[in-house]
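Only this structure's heavy atoms are used, side chains among them; waters, hydrogens and symmetry mates stay out.
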Amino acid sequence: MRRLVETTVGAIMLAIAGSCSPTPDGVISPDDMVDLLVDVHKGEALTDVSYSKYNSDTARLSMRRVVLNGHGVTDEQFDTSLVWYGNHLDQYIKVYDRVIERLENDFEKAGNAPVNRSMLPGDSVNMWDEGSTYVISRRSPSEFLRFRIERDDNWKNGDSYTWKFKIFNSSTPVSLGMYVDYTDGSTDIKTETLEEDGWKEMVVVLDSLRTPQSVYGFVRFDLKDREEVFIDSLSLVRHRYDNPTYIRRHEQRRMHYGGKE
């Protein structure tokens with residue numbers, strides 16, 4: 001998985017169209033938006049590193065609200081501004097170029113190297129170290145959002161992985177899937193079709209009696225011309241075995257060498 005600043009660039013490599021437009025009333029100005037987004041990403045990084053403290057939606061949203069309040073911005077203003085910039089891609093790209101530059105400079109000054117979260121031990125570990133916000137359109141390199149993590153020494157049989165994010169501005173169904181490959185050639189599969197915007201969550205649970213090799217997943221969009229979909233607050237949290245979660249394995253299908261068990 002690549003670090004946030006790299007994947008954010010990939011996610012917004014969209015064709016630039018139209019001329020510069022001044023922001024209307026109620027939309028955050030470019031300079032202020034740069035300052036705000038830099039702090040939003042830093043706040044999200046803090047909640048990722050301190051997941052045991054920020055392990056609920058309420059706690060994570062409270063961190064974002066602290067950041068917004070510090071800039072004198074309401075949730076509504078922030079959401080409205082994200083939508084406006086998403087519809088004015090020339091402005092959006094310019095803003096994010098500056099955000100990425102600021103974040104890279106701050107990382108360099110702090111001497112921080114990107115962390116491979118799949119190597120982190122312990123429970124309640126957020127494995128998602130790519131960008132937390134994406135804009136997907138017909139002009140994007142792909143209409144898929146994918147991830148894949150390989151087994152390491154910190155994996156345990158019976159672990160569960162919860163993939164969570166928020167989608168908005170989608171007008172067509174969205175396909176979502178997660179898979180677990182095992183060393184015996186079998187694969188656990190879980191798929192779903194999302195019909196509405198909002199928070200989405202999918203959980204896969206590793207078999208306690210089989211040795212897993214990898215966990216991977218995708219979100220696929222069937223976009224219309226000029227449609228732009230926003231994905232925000234992405235996380236992929238690993239939890240250790242617990243019986244109530246393990247029972248959810250019945251929601252998964254198992255395939256073995258091309259045939260369903």
Show the numbers, then the answer: is there a ring-ring contact (aromatic ring centres under 6.0 Å, His included) between F147 and W163? CA-CA 10 Å; F147 77 88; W163 195 19; 4.7 Å; yes
Please report the shortest heavy-atom distance between [X] and [Y], naming the atom on each side.
X: S81; Y: G26; result: OG-O, 4.0 Å
X: F218; Y: S175; result: CE1-O, 3.7 Å
X: K200; Y: L194; result: CG-CD1, 3.6 Å
X: G72; Y: Q77; result: O-OE1, 3.9 Å
X: W199; Y: K164; result: CE3-CE, 3.9 Å
X: V180; Y: P212; result: CG1-CB, 4.2 Å

Out of curiosity, [X] [atom1] to [Y] [atom2], how far, rounded to the nearest 0.5 Å?
X: D181; Y: R151; atom1: CG; atom2: CZ; answer: 13.0 Å
X: R248; Y: D242; atom1: CZ; atom2: CG; answer: 10.5 Å
X: D152; Y: E150; atom1: CG; atom2: CD; answer: 10.0 Å

Just jot down the side chain to side chain donor-acceptor pair (under 3.5 Å) partners of D188, sequence neighbours excluded, or say none.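 D188 satisfies side chain to side chain donor-acceptor pair (under 3.5 Å) with Y182, R249, Q252, R254 only.
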Tell me, do [X] and [Y] make a side-chain contact under 4.5 Å, heavy atoms counted?
X: I167; Y: F230; answer: no
X: H239; Y: T162; answer: yes
X: D79; Y: F168; answer: no
X: I28; Y: T23; answer: no
X: D75; Y: L68; answer: yes
X: L236; Y: M178; answer: yes
X: P30; Y: Q91; answer: yes
X: Y85; Y: D90; answer: no

Could you check whether [Y] and [X], counting side-chain N and O atoms only, form a donor-acceptor pair closer than 3.5 Å?
X: T183; Y: R210; value: no
X: N126; Y: S235; value: no
X: D39; Y: H71; value: yes
X: S29; Y: D31; value: no

Residues L209, N157; criterion side chain to side chain contact (heavy atoms under 4.5 Å, CB included); working and verdict: CA-CA 7 Å; L209 301 178; N157 295 9; over 6 Å; no
Check the pair R148, S214 against side chain to side chain donor-acceptor pair (under 3.5 Å), reporting the backbone distance first and the verdict last. CA-CA 7 Å; R148 185 182 188 95; S214 60; 3.2 Å; yes
Do Y92 and V38 belong to the same hydrophobic cluster, where Ile, Leu, Val, Met, Phe, Trp and Tyr are linked whenever their side-chain heavy atoms lie under 4.5 Å apart, directly or via other members?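 Yes, Y92 connects to V38 through the hydrophobic network.
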Going hydrophobic residue to hydrophobic residue with side-chain gaps under 4.5 angstrom, can you get from V205 over to Y161?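 No, V205 and Y161 fall in different hydrophobic clusters.
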With distance as the sole test, does K190 use its side chain to make a donor-acceptor pair with the main-chain N or O of V203 at under 3.5 Å?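 Yes, because the side chain of K190 sits within donor-acceptor range (under 3.5 Å) of the backbone of V203.
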Is a side-chain N or O of N169 found less than 3.5 angstrom from the main chain of V229, in a donor-acceptor match?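 No, because the side chain of N169 does not come within donor-acceptor range (under 3.5 Å) of the backbone of V229.
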Fit a plane to each ring of [X] and [Y], take the angle between them on a 0 to 90° scale, and name the class: parallel (under 30°), tilted (30 to 60°) or perpendicular (over 60°).
X: Y241; Y: Y246; answer: tilted
X: Y179; Y: Y216; answer: parallel
X: H88; Y: W84; answer: parallel

Salt bridge between D197 and K166, side-chain N to carboxylate O under 4.0 Å?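 So D197 does not pair with K166 through a salt bridge.
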Carboxylate-amine/guanidinium contact E101 R98, below 4.0 Å: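 Looking at E101 and R98, the cut-off is not met.
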Criterion side chain to side chain contact (heavy atoms under 4.5 Å, CB included) on W155 and L206, from CA distance to verdict: CA-CA 10 Å; W155 284 39; L206 308 189; 4.1 Å; yes
Passes side chain to side chain contact (heavy atoms under 4.5 Å, CB included), V95 versus L37? Steps please. CA-CA 9 Å; V95 164; L37 287 173; 3.9 Å; yes
Side chain to side chain contact (heavy atoms under 4.5 Å, CB included) with V73: which of V40, L36, D32? L36
Pair I189-M255, side chain to side chain contact (heavy atoms under 4.5 Å, CB included): steps then yes or no: CA-CA 7 Å; I189 300 172; M255 307 295 290; 3.2 Å; yes
